[in-house]
Enquirer: 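Take this structure, written in C-alpha cells, and hold onto it; I'll ask about it next.
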Amino acid sequence: MENEADVFYRQLPKVELHAHLNGSVSSHTIEKLIDRKPHLNIEHNMTAIGKGQRRTLDECFQVFKVIHQLVDTEEDILMVATDVIREFAADSVKYLELRSTPREEKHTGLTKRRYIETVIRAIQLCKEEGLDIDVRFLVAIDRRNGPQVAMETVELAEEFLLSSNGLVVGLDLSGDPTVGDGKSLLPALERAKNCGLKLSLHLSEVPSQLEESDLLLNLPPDRIGHGTFLHPEVGGSQILVDKVLKNNIPLELCLTSNIKGQTVPCYSKHHFKYWYQLGHPSVICTDDKGVFSTDLSQEYQLAASTFGLSREAVWKLSQQAIDCIFAPEAVKQQLKQKWTDLQPQVFQ
Ligand SMILES: CNc1ncnc2c1ncn2[C@@H]1O[C@H](COP(=O)(O)O)[C@@H](O)[C@H]1O
Ligand SMILES: [Zn+2]
C-alpha cells in the first residue's frame, strides 16, 4: 500500500460490505503465492495498480485472471482468505462481508463446493483466533458465465445459506460489466431472492446500461454495487434514481476503484457526492484493496478530504453502514453497541 491513513481513520470502527476476495489479496500474500508457483513467472507488478496509475476497466479484469492463476488450490484459498480477514481486522473493520466467485479448477481438483467450504473454514479459523471482526460471505456470480452457471451457483448458495450457521448471507452479481447480459440472469436472481439470499448487484458500473439496470432494480436488490451511471447527470435517468430512492436501496461506493478503473474522471467527480447530498444510504467500500493498493481507512480519509466531511460526519457515515449489513438485527445491535463503546477513544 502506498499511503498510511491518519490515526483517526485507522482507529475508526468500520463496516466493509464490498470486497472481492481475490481482488483484496495484499502484496505480502501475493509474494507468498508467487513463491509457491515460481513456474508461472508472474511478477508483482502484474497484480496491483500503484499510486497514480490507472488502467482501463478491461485491463483490471486481466489482472484478476493473473491472480486466479496464483490462487487455484484449497490451500491457496485458505491462506488468501485468512490473510485478507486478518488485514481487514487490523484496519479496524469490525464487520466484513467478503464475496467471491466459486471456481472449479480441474487440474488441481478444486470444486465449487470445496471453494465455498474453504472460505467458510477460513472465516471459522479467524473466529477461533479471537479476531475482533464478524465476517460473512456472499457467493458471487460472474456474469460472463451465463444463466445456467448462475442458476447452479444460486443452488449452491442456497445450500450453504441453510448449512453454514449464518455465515453465507447472500449473493453477489459481478464480473466484467461489458460482458454478458443481466436480463438472462433474472430467473437465477429471482430464485435467490425467493429463498432468502440477500442480493448485492453491480449495477450501472459502465454507461449505457439503463435497460439492464431498470430490469435489475425491479427485483429489487438489497444493495447496489457502484451505481456509477444511474443518475441523469452522467447519462442515467431520474426513473432509475427514483427506484433506488423509493426502495431505499443502499449503495456500496468504492472511490479509488472507480478512479483507477477510469469510470470516474477524478475523486471530486465521484458520485458519492450526488447520493450523499440526497441523504441516501451510501457505504464507503474498497472493492479490491489489493488490486487498487488501498484499504478502508484510506477510502474514508479520501472521501472526507475530497468532500470536506468533519470527523463527526465521518463517524456517522461508518455508523450508518451498520444498517446496511445483511446479517440479522441482533448483529446490528451488537455492532451499534461496539461503536458506542469505542467512540470516546477514537475522538480523544
Ligand atoms: C473493478 N470492478 C469490478 N467490477 C465487477 N466485478 C469485479 C470488479 N472487481 C472484482 N470483480 C469480480 O471479482 C472477481 C475477483 O474476485 P473473486 O475471484 O470473485 O474472489 C473478478 O474476477 C470479478 O468477477
Ligand atoms: Zn465490485
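For ligands, and for the atoms within them, numbers begin at 1 and follow the listed sequence.
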Enquirer: Quick test of your reading of the model: are E158 and R191 salt-bridged, counting only N-O distances below 4.0 Å?
Expert: yes
Enquirer: Specify the protein heavy atom at minimum distance from atom 22 (O) of ligand 1: its residue, its atom name, and the distance to 0.1 Å.
Expert: H68 CE1, 3.5 Å
Enquirer: Output yes when the distance from some N or O of ligand 1 to some N or O of D176 is under 3.5 Å, and no in every other case.
Expert: no
Enquirer: Under 2.8 Å from the Zn ion (ligand 2), protein N/O/S atom count?
Expert: 4
Enquirer: Determine yes or no for a side-chain-to-main-chain donor-acceptor pair under 3.5 angstrom, with H271 supplying the side chain and H226 the backbone.
Expert: yes
Enquirer: Within a strict 4.5 Å, meaning less than it, do heavy atoms of the E299 and C285 side chains meet?
Expert: no
Enquirer: For the CD1 atom on I239, are there more than 12 heavy atoms of other groups (residues, nucleotides or ligands in this structure) within a distance under 6.0 Å?
Expert: no
Enquirer: Based purely on interatomic distance, does R103 place a nitrogen or oxygen under 3.5 Å from a nitrogen or oxygen of ligand 1?
Expert: no
Enquirer: Can you report which non-hydrogen protein atom sits closest to atom 13 (O) of ligand 1, along with the distance?
Expert: H20 ND1, 3.0 Å
Enquirer: Which residues end up grouped with L138 if you chain together Ile, Leu, Val, Met, Phe, Trp and Tyr wherever their side-chain heavy atoms are less than 4.5 Å apart?
Expert: V169, F326
Enquirer: With a cut-off of 6.0 Å (strictly less than), are more than 12 heavy atoms of other residues, nucleotides or ligands near CD of E233?
Expert: yes
Enquirer: Heavy atoms only: give me the nearest L173-R143 pair and the separation to one decimal.
Expert: CD1-CB, 3.9 Å
Enquirer: Would you mind listing which atoms of ligand 1 come within a distance below 4.0 Å of any non-hydrogen atom of F64?
Expert: 9 (N), 10 (C), 15 (C), 21 (C), 22 (O)
Enquirer: Does an N or O anywhere in N22 fall below 3.5 Å from an N or O of ligand 1?
Expert: yes
Enquirer: For ligand 1, is any non-hydrogen atom under 4.0 Å from V291's backbone (N, CA, C, O), its side chain (CB onward), both, or neither?
Expert: neither
Enquirer: Could you check whether T286 and E16, counting side-chain N and O atoms only, form a donor-acceptor pair closer than 3.5 Å?
Expert: yes
Enquirer: How far is atom 3 (C) of ligand 1 from its nearest protein heavy atom, and which residue and atom is that?
Expert: E205 OE2, 3.3 Å
Enquirer: Compare every heavy atom of T118 with every heavy atom of L78, then report the nearest pair and how far apart it is.
Expert: N-CG2, 3.7 Å
Enquirer: Mind checking whether I85 and V331 sit in one hydrophobic cluster, side chains of I, L, V, M, F, W, Y counted as touching below 4.5 Å?
Expert: yes
Enquirer: Near T101, which atoms of ligand 1 are under 4.0 Å from a heavy atom of that residue?
Expert: 17 (P), 19 (O)
Enquirer: Can you tell me how far apart CD1 (I141) and CG (L171) are? Round to the nearest 0.5 Å.
Expert: 4.0 Å
Enquirer: Identify the protein heavy atom lying closest to atom 9 (N) of ligand 1, giving its residue, its atom name and the separation to 0.1 Å.
Expert: D288 OD2, 2.8 Å
Enquirer: Relative to the ring of H20, is the ring of H18 parallel (under 30°), tilted (30 to 60°) or perpendicular (over 60°)?
Expert: perpendicular
Enquirer: Please work out which of C60, G175, A140 has its closest non-hydrogen atom nearest to atom 5 (C) of ligand 1.
Expert: G175
Enquirer: Output the list of atoms in ligand 1 that are nearer than 4.0 Å to some heavy atom of L21, sorted by atom number.
Expert: 20 (O)
Enquirer: Identify, by atom number and element, the atoms of ligand 1 in contact range of D287, meaning under 4.0 Å from any of its heavy atoms.
Expert: 1 (C), 2 (N)
Enquirer: Counting only heavy atoms from other residues, nucleotides and ligands, does the tally under 6.0 Å from NZ of K198 exceed 12?
Expert: no
Enquirer: Looking only at non-hydrogen atoms, which of G225, S100, S24 approaches atom 20 (O) of ligand 1 most closely?
Expert: S100
